[in-house]
Amino acid sequence: MFLQQLINGVSLGSVYALTAVGYSLVFSVVGLINMSHAAIYMSGAVCFSMFYNLGGRNVPLLVVFLIALVYAAVAGLTIERLAIRPIREKGDGMIYAILSSIAVKTIIESVCQIVYGTEIRAFPTILAGRYVEVFGARMMAIQFVMLAVTIVIMLALGYFTLKSKMGMGLRSTAQNLRAANLVGVPVNRIVALAFAIGSVLATVAGIFSCMYYQTVQVNIGGVIGQKAFAATVLGGIGSLTGSVVGGFIIGIAEMLTAGYISSSYRNLVAFSILIIVLIFKPSGIFGQAESKKV
Amino acid sequence: MKRLLALMLGLLLVISLAACAPTGGGAQEEDTELEAQDYNIAVCIPITGTNATYAAYIKNGLEMALANLEKRGGLNGTGGKIILDFYDDNNDPKQGVALAERIVEDDKYLCEIGSFASPVSLAAAPIYNEAKMVQYALTSSNTRYLPIGEYCFSLSTTQDVSTANHADWQINYLGYKTFAVIHSNDDWGNESFDFYQEAIEAEGGTIVAEESYIAGTTNDFTAMLTTLKTVDADALMTFCGEDDLVMMMKQADMLGLDFNWLSSKKCCSATVIDQLGELAEGLYSLNNAPKTKENKVYADYFEEYIKVYPDSETTQKYVDQSYNCMLTVIWAIENGGVDRQSFRDTLASLKDFMGVQGTISFDPDTRKVFNEEYLAQVQDGVWVNIDTN
């Protein structure tokens, strides 16, 4: 049973990890906790479901997937351009930008409730019924795909940030936005890119999560948003590797708690781990402590 | 010139007033006709939040009943209407209390309908009772609700009665002896579990494992299901919302975990079948009397229902319940319940009233609702009531 719970935990951790990376990416570039991120997670999955249903449920899933990714990228760019950049450029402080992102989250959730409804709906899945058995534990094909997608995306993102020109721009902006601007890095474009990538990752996580559970509902963002944010902080906010590790820790801790203690305590244990880590290492597992000049 | 203008204006005013005055014959006719009177009712439901699905069902059911009222010419055929004002309590007892304080102060309201969840209704009930205003918490099955005061009404059979029926049929008819239980860790889920455990033990059965979860905080039930499979119980009983049951059954299927599924009456709904498809086959629950189009009330209701839920073959339990609720409200108003006190007294006297699923009666003293319950199973895509005798 332990192995089965571990597999379930890794699957849940994959979802948290992908979502957490989006939080971390935006934070590392502009120092903003983007509260609309979880709403993009949900609305991306809703967008996928809507287009799938509009197409009579026989549209190739890859096509609907790409449409949802385009939606996510456009949504990320729009949020950055309309709700964040004006505040950032005025230098009004990030607290206003966070409030603005909360407003965006509420708007997205309300629109989805009105357009899509609040009922739970079936969500198409892939490789249904396929699995491999390892020492009596069953790993479903979709669980394997989720894990593989998480790893591939993380590697691709790592390569992009290290090797590409835009990636270097991302890193330099993350180190010092003002200095990057002074040396000619197109900061606005870089910040917009961070929002677009973060939103795409949230949507990928939302779609695969719904494929795994085979259901979708407009309230799924609230649950995942808290955990993914906890994973980001646990791993070290601003650290992409930390977000992934934090996601897996929270996911596995939750599953083992639900399996061996009680499901009612799953959040309690997951968030207790977060608090304990923060007491001993306030910057998170992979985060770097800010040095203060004296 | 000014005088002429003033004269003309005065003349015009006199002509206008004369035109507005009733004729003698008309006045006589009015005396013999009932006057159309509109009534306002406040509805507090969780329009947003985790129970928003149920709020949508309730809203639709109430409005369908009003659409049929309009078709038959309004209250007592006079054209009188019932006007609903919807308030969002967000499934939050504090919000429910705040709304109750506002609603009882507003004289235009005859009664209040809602909320959906018992904790919200329980929190607000003392305020409605103190104000002597009916709180029609149509879905509250909590045994502590009705004793709060004589202005509390519900259309749900209380949990002590339902869980005793579950235990009786599951053990004596289905032949199960050991049970695993999943329940939501909230007022309703915990109370249901306590009554269920008592009833199962009274019938000679055993609960071998119990798992609880906090509704709305997770979509993932794989860990609980994996653990419960290891105890090898005869059946798995669930006290949860229909959305959670759908997710549990889908996730169990995905992990290849076979259970004999049993569910509370809350999940005896068309939605569960729609969402689960073939997976729903064999699921047991409790149900009221069969829905049949020979019952004119159901036939009229179904006509409205398919306008909102096209292609439906049957109707949803919470829409049924809210439709029934509005029918009883209409009945009470049409039978003299035109102010807060007379409305309460008339509603309490409801007896053998034909609803969409059999008759409904209130015990005049306890206000407990009486409607028959049956063991039901999903067979060929519909809930079928089983003759257990």
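Put simply, OG1 on Thr226(B) and CG on Asn8(A) are 4.5 Å apart, with the number rounded to the nearest 0.5 Å.
Closest approach of Ala258(A) and Glu211(B) over heavy atoms only: O-OE1, 3.8 Å. Minimum interatomic distance between Asn185(B) and Ser264(A) (heavy atoms only, all atoms of both residues): ND2-OG, 3.0 Å.
Contact annotation for Met140(A): only side-chain heavy atoms (C-beta onward) come within less than 4.5 Å of a heavy atom of chain B. Within the 4.5 angstrom heavy-atom criterion, no atom of Leu257(B) approaches chain A. Contact annotation for Ile220(A): both backbone and side-chain heavy atoms come within less than 4.5 Å of a heavy atom of chain B. Heavy atoms of Glu109(A) lying under 4.5 Å from chain B are absent altogether. Residue contact with chain B, scored on non-hydrogen atoms closer than 4.5 Å, involves the backbone and the side chain of Tyr213(A) alike. Both the backbone and the side chain of Gln214(A) come within contact range of chain B, each with at least one heavy atom under 4.5 Å from a heavy atom of that chain. Contact of Tyr212(A) with chain B is made through backbone and side chain together, with heavy-atom distances under 4.5 Å.
Listed options Thr222(B), Asp220(B), Leu255(B) were ranked by heavy-atom pairs under 4.5 angstrom with chain A; first place goes to Asp220(B). Listed options Thr230(B), Thr271(B), Thr218(B) were ranked by heavy-atom pairs under 4.5 angstrom with chain A; first place goes to Thr218(B). Between chain A and the options Asp274(B), Thr48(B), Asn219(B), Leu225(B), heavy-atom pairs under 4.5 Å are most frequent for Asn219(B). Per-residue heavy-atom pair counts under 4.5 Å with chain B were compared for Thr125(A), Ile224(A), Thr215(A), and the maximum is reached by Thr215(A). The most heavy-atom pairs under 4.5 Å with chain B, out of Met255(A), Gln143(A), Gln113(A), Glu254(A), come from Met255(A). Contacts with chain A were tallied for Ile182(B), Leu276(B), Ile214(B); Ile214(B) has the most, counting heavy-atom pairs under 4.5 Å.
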- Take Ser263(A) and Ser212(B) through the test side-chain contact (heavy atoms from CB on, under 4.5 Å) and record every step on the way to the result. CA-CA 6 Å; Ser263(A) 190; Ser212(B) 65; over 6 Å; no

- Begin with the C-alpha distance, continue with both residues' side-chain angles, and end with the deciding distance and a verdict on side-chain contact (heavy atoms from CB on, under 4.5 Å) for Gln217(A) and Thr53(B). CA-CA 10 Å; Gln217(A) 207 175 5; Thr53(B) 306; 3.6 Å; yes

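Other residues, nucleotides and ligands contribute over 12 non-hydrogen atoms within 6.0 Å of the NZ atom of Lys307(B). In the displayed structure, Phe86(B) atom CZ is contacted under 6.0 Å by more than 12 heavy atoms of other residues, nucleotides or ligands. Environment of CD in Glu133(A): crowded, with over 12 heavy atoms of neighbouring residues, nucleotides or ligands closer than 6.0 Å. Crowding of Phe271(A) atom CZ: a count of heavy atoms from other residues, nucleotides or ligands under 6.0 Å exceeding 12. Under a cut-off of 6.0 angstrom, the local environment of OH in Tyr309(B) is crowded, with over 12 non-hydrogen atoms contributed by other residues, nucleotides or ligands.
Thr227(B) and Gln5(A) form a side-chain donor-acceptor contact under 3.5 Å, judged by distance and modelled atom types alone.
Residues of residues 243-254 of chain B that come closer than 4.5 Å to chain A, counting heavy atoms only, are Asp243(B), Val246(B), Met247(B), Lys250(B), Gln251(B), Met254(B), ordered by residue number. Within residues 55-62 of chain B, the residues having any heavy atom closer than 4.5 Å to a heavy atom of chain A are Ala56(B), Tyr57(B), listed by residue number.
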